[in-house]
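The next block holds one structure in the form of structure tokens; read it before the comments.
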Amino acid sequence: MNDAQPEIALVEDNADNRVLVRAMIGGDYDIAEYETGPEALEGIPDDPPDLILMDISLPEMNGVEVLRKLRESPDVSPVPAVALTAHAMSGDRERYLEAGFDGYMSKPIVDDQAFRELVENTLTGSEG
Ligand code: MN
């Protein structure tokens, strides 16, 4: 673990997707994984990351709701967030931006480089 690496909170209930994200960007970022909304709401405000990657389709509460609640924490409020959406749900970009996300990526994530660039750009605030 390198302390200089930016921290990312990955909220994703699907283990395969967590492995995939870690395989793509785990070498460059310190990733904390959360499987459910309640887990994320418990852990993230105590250890605010530099970026949140949020699956939308989660059990118990969806990613839009989880982000809304996370944003109530002053420490998490300014943290940029990227929505990870199932392909069928990916059409409505404005909906995710209005919900407080800074960008989104549809799943399955097939374009490794586009994903890496989205993460990097969202972290540095140069692109949504
Ligand atoms: Mn899911």
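Counting starts at 1 for both ligands and their atoms, in listed order.
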When you measure from the side chain of [X] to the backbone N and O of [Y], does any donor-acceptor pair fall under 3.5 Å?
X: Ser77; Y: Ser73; answer: no
X: Asp30; Y: Pro6; answer: no
X: Asn62; Y: Leu58; answer: no
X: Asp13; Y: Glu35; answer: no
X: Arg18; Y: Glu12; answer: yes

### Summary
Excluding water, the protein N, O or S atoms sitting under 2.8 Å from the Mn ion (ligand 1) are Asp13 OD1, Asp55 OD2, Ser57 O
#### Entry: From Met54, Glu39, Glu60, Arg71, residue fulfilling side-chain contact (heavy atoms from CB on, under 4.5 Å) relative to Val66
Met54
